[in-house]
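All remarks here apply to the structure that follows.
Letters A, B, ... are given to chains in the order of the sequence lines, protein chains preceding strands, and every chain is numbered from 1. The model shown is predicted, which means the values in this text are computed figures rather than measured ones.
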Amino acid sequence: MMLAECRQKLSLPFPPTKQTLATLLKACSSQPHQLTQIHALVLTSGLSVKNSLITQLLANLVILGDVQYARKLFDEMHKPRVFLWNTLIRGYVKNDMPVESVSLYGRMSSLGVRPDGFTFPFVVKASAELPDSWAALTIHAHVFGDVGLADYLFETMIERDLVAWNSFIAACVQMGYASKALALFHRMGLARIKPDAVTIVSALSACGQLGCLNIGNKIFDSALYDGMESNIIVENARLDMCMKCGSTHMARTLFDEMRLRNVVSWSTMILGYAVNGKSEEALALFSRMQNEGPKPNYVTYLGVLFACSHAGLVSQGRAYFSYIVDSNDQNLQPRREHYSCMVDILGRSGHIEEAYSFIMGMPIEPDAGVWGALLGACAIHKNVKVGQVAADKLFELAADIASYHVLLSNMYASAGRWDSVEKVRLRMRKKCIKKVAAYSSIELNSEVHVFYTGDNSHPQSSSIYQKLEDLYMQIGSLGYISEVGSVHHDVEMEEKEAMLRVHSEKLAAAFGLINVEPESPIRIIKNLRTCDDCHNFFKFISRISMREIIMRDKSRFHHFRNGTCSCKDFW
DNA sequence: GTAGGGTTAG
């Protein structure tokens with residue numbers, strides 16, 4: 001575009017000065033079309049353009065989401081300053097391009113440009129969103145050893161301010177490294193950096209992941225004690241923490257006491273009730289929300305569908321789903337997550353064919369989550385025919401997710417098709433797909449104790465196994481028989497039973513029975529779905545010990561009390 | 001001078 005043309009378009013009667021251009025740029029930060037024109041003006045003005053001008057332009061482009069164009073300008077620049085690197089690194093993160101963001105950081109450091117305090121939060125955010133394979137590559141490329149990129153960056157920072165701590169702690173929580181996050185939180189205290197609301201939110205979130213109700217409450221109380229004003233985000237995080245620890249009652253008390261509640265508060269409650277198996281409470285709260293609360297969003301509806309799914313409420317699930325569709329609200333139209341949930345509702349209750357045709361009728365392309373829900377249902381109902389279709393689709397969409405392979409293999413195993421089980425295993429070996437090891441954890445006196453299957457590493461190991469034997473003796477006389485079908489291995493019967501007997505959740509339960517004071521419930525967190533035998537075992541021991549046992553597995557809660565489970569054996 | 005971190009879902 002010619003200068004005159006630009007000027008005309010911008011209605012400028014005279015050639016612009018640097019000042020004019022700078023002012024123009026500031027004014028046009030929300031108008032992408034004019035930005036391009038101004039860029040042309042800058043280039044054709046013949047002025048020796050200052051970096052600050054391009055900086056402003058680039059920043060504007062990034063805000064508008066045109067990172068490609070920003071990158072083009074950036075590459076044409078001579079020795080861009082740190083601020084500019086930061087701007088672009090941030091731009092990539094904001095536009096969901098973490099790989100590009102980290103690559104740019106890599107280039108920055110290889111050119112010897114020193115990152116400043118602002119670089120860190122951007123790169124950490126990007127590396128938290130990095131796909132695993134990429135994180136590994138990046139770490140290799142920088143020869144950072146076995147610590148992550150973020151770790152390296154953090155430890156080498158000269159000055160760590162509050163935001164640096166907060167962004168690292170938050171990144172750890174988001175990546176699922178909750179105990180690392182709590183360790184950092186502790187270290188932060190030792191370094192005499194006073195946490196603020198943002199820190200507390202992440203810390204509470206970490207406690208929720210770990211199921212550490214006591215630690216979470218302590219953190220919240222001490223923050224208030226230190227004079228920190230609580231805000232709605234902190235309170236929502238605390239609600240969620242309680243719910244993730246299975247303490248629905250405490251969450252409700254806090255919710256009722258809140259002066260202000262937003263859509264997140266309501267949704268957190270509804271979701272929390274749903275995963276805790278309290279569907280009536282979830283749906284009752286939803287109907288109250290419709291009358292007196294804020295407008296539900298798509299997460300709220302996800303909670304409503306979860307409530308139906310966990311309680312096996314098929315017709316109600318169908319009704320809510322069509323309600324969402326019929327609402328004609330464009331922002332609330334069902335997303336893939338809602339479809340997965342609906343497939344789960346239909347499939348798990350045995351309506352496999354209906355679930356399949358439901359998927360075929362989807363207006364949006366089904367993703368791995370949707371097919372995974374179908375495969376899960378097929379594994380439960382031993383429907384190898386439909387399960388095979390789902391598995392084929394899954395391997396197209398998400399070829400190397402371990403849990404789908406495990407599901408498929410379990411489906412074949414429960415149908416007794418050991419040749420097919422072996423094929424899946426072979427495929428996993430070939431593609432180096434490793435099963436996630438099962439573990440269970442339990443909090444005691446602000447410490448987390450972790451158990452793996454057949455674990456002997458705990459200091460109290462011998463008394464734990466003794467307790468387990470005692471329990472087997474007692475429940476055996478009450479009619480407990482181990483369910484060998486839960487072990488998906490084609491091995492001898494005795495071996496099957498031997499493995500079952502030492503599943504991680506059983507070890508954690510024995511530990512809990514020995515150590516947790518009699519009036520408190522025993523809270524166990526398991527990283528995978530629990531098996532039929534452990535579920536049955538827990539029902540028995542809740543009866544003989546007269547204790548409440550709360551177990552959170554991969555997708556939901558089981559509250560065992562006096563021989564029964566809140567899930568009513570449907571999970 | 002300009003910019004950075006937080007809650008529900010996955």
Handout entry: N/O donor-acceptor pair under 3.5 Å between A:S103 side chain and A:V99 backbone
Key = yes

Completion exercise
Among B:dA3, B:dT7, B:dT8, the one nearest any side-chain atom of A:N236 is B:dT7

Practice task
Would you mind telling me which of B:dG6, B:dT8, B:dG10 lies closest to the side-chain atoms of A:S205?
Solution key: B:dT8

Handout entry: Ring-base stacking, A:F118 with B:dG4 (5.5 Å, 30° cut-offs)
Key = no

Practice task
Would you indicate, yes or no, if B:dG6 has its OP1 or OP2 atom less than 4.0 angstrom from a side-chain nitrogen or oxygen of A:Q174?
Solution key: yes

Handout entry: Output field: ring centroids A:F154/A:W165 closer than 6.0 Å
Key = yes

Handout entry: Below 4.0 Å: OP1/OP2 of B:dG4 and any side-chain N or O of A:K94
Key = yes

Exercise for the section: Would you mind reading off the distance between A:F154 atom CZ and B:dG4 atom P, rounded to a whole angstrom? Expected result: 19 Å

Practice task
Look at the side-chain N and O atoms of A:R238 and state whether any lies under 4.0 Å from the OP1 or OP2 oxygen of B:dT7.
Solution key: no

Practice task
Run the ring-centre check on A:F255 versus A:W266 and record whether the distance is less than 6.0 Å.
Solution key: yes

Practice task
Starting at atom CG of A:D344, determine the distance to atom C1' of B:dG10, rounded to an integer number of angstrom.
Solution key: 14 Å

Practice task
Could you work out which one of B:dA9, B:dG6, B:dT7 sits closest to the side chain of A:A237?
Solution key: B:dT7

Handout entry: Short side-chain donor-acceptor distance under 3.5 Å, A:T253 and A:D256
Key = no

Exercise for the section: Have a look at A:A197 and say if it touches a base, only the backbone sugar-phosphate, or nothing, with a 4.0 Å heavy-atom cut-off. Expected result: base

Fill in the blank from the handout: Side-chain contact check for A:F306: nearest option of B:dG6, B:dG10, B:dG4 is B:dG10

Side-chain polar contacts of residues 300-313 of chain A - donor-acceptor pairs under 3.5 angstrom, sequence neighbours left out - could you list them?
residue, atom, partner, partner atom, Å
A:T300, OG1, A:S267, OG, 2.9
A:T300, OG1, A:N297, N, 3.0
A:T300, OG1, A:N297, O, 3.3
A:T300, OG1, A:N297, OD1, 2.9
A:S309, OG, A:D344, OD2, 2.9
A:S309, OG, A:R348, NH2, 3.2
A:H310, ND1, A:R556, NH1, 3.3

Problem - Verdict with reasoning, A:R552 to A:E443, per salt bridge (Lys or Arg N to Asp or Glu O under 4.0 Å) - result: CA-CA 13 Å; A:R552 183 180 90 191; A:E443 180 202 36; over 6 Å; no

Practice task
Would you classify A:N86 as touching base, sugar-phosphate or nothing, given that sugar-phosphate means primed atoms plus P, OP1 and OP2, and contacts are heavy atoms under 4.0 Å?
Solution key: base

Counting only pairs under 3.5 Å, give me each side-chain donor-acceptor contact of residues 226-234 of chain A, with atom names and distances, residues two or more places apart or in other chains.
residue, atom, partner, partner atom, Å
A:S230, OG, A:E235, OE2, 3.4
A:N231, OD1, A:I233, N, 2.9
A:N231, OD1, A:V234, N, 2.8

Handout entry: Among B:dG4, B:dT8, B:dT2, the nucleotide that comes nearest once only the side chain of A:T55 is considered
Key = B:dT2

Practice task
Verify whether the ring centers belonging to A:F358 and A:Y339 lie closer than 6.0 Å.
Solution key: yes

Problem - A:L162 CG to B:dG6 P, straight-line distance once rounded to whole Å - result: 12 Å

Practice task
Starting at atom CD of A:E159, determine the distance to atom C1' of B:dG4, rounded to an integer number of angstrom.
Solution key: 15 Å

Exercise for the section: Answer yes or no: does a side-chain N or O of A:K125 lie under 4.0 Å from OP1 or OP2 of B:dG6? Expected result: yes

Practice task
Indicate whether OP1 or OP2 belonging to B:dG10 is found under 4.0 Å from a side-chain N or O atom of A:K554.
Solution key: no

Problem - Within residues 257-273 of chain A: residues closer than 4.0 Å to DNA chain B (heavy atoms) - result: A:V264, A:S267, A:T268, A:L271

Practice task
Could you state the atom-to-atom distance from CD1 of A:I364 to C1' of B:dG10 in whole Å?
Solution key: 14 Å

Practice task
Find the distance A:R90:CZ to B:dT2:P and express it as a whole number of Å.
Solution key: 13 Å

Exercise for the section: Could you check how far OH of A:Y92 sits from P of B:dA3, rounded to whole Å? Expected result: 21 Å

Handout entry: Interatomic distance where CH2 belongs to A:W371 and P belongs to B:dG10 [whole Å]
Key = 21 Å

Handout entry: Sugar-phosphate, base or nothing in reach of A:F83, heavy atoms under 4.0 Å
Key = base

Practice task
Classify the nucleic acid contact of A:G117 as base, sugar-phosphate or nothing, counting any heavy atom under 4.0 Å across all strands shown.
Solution key: base

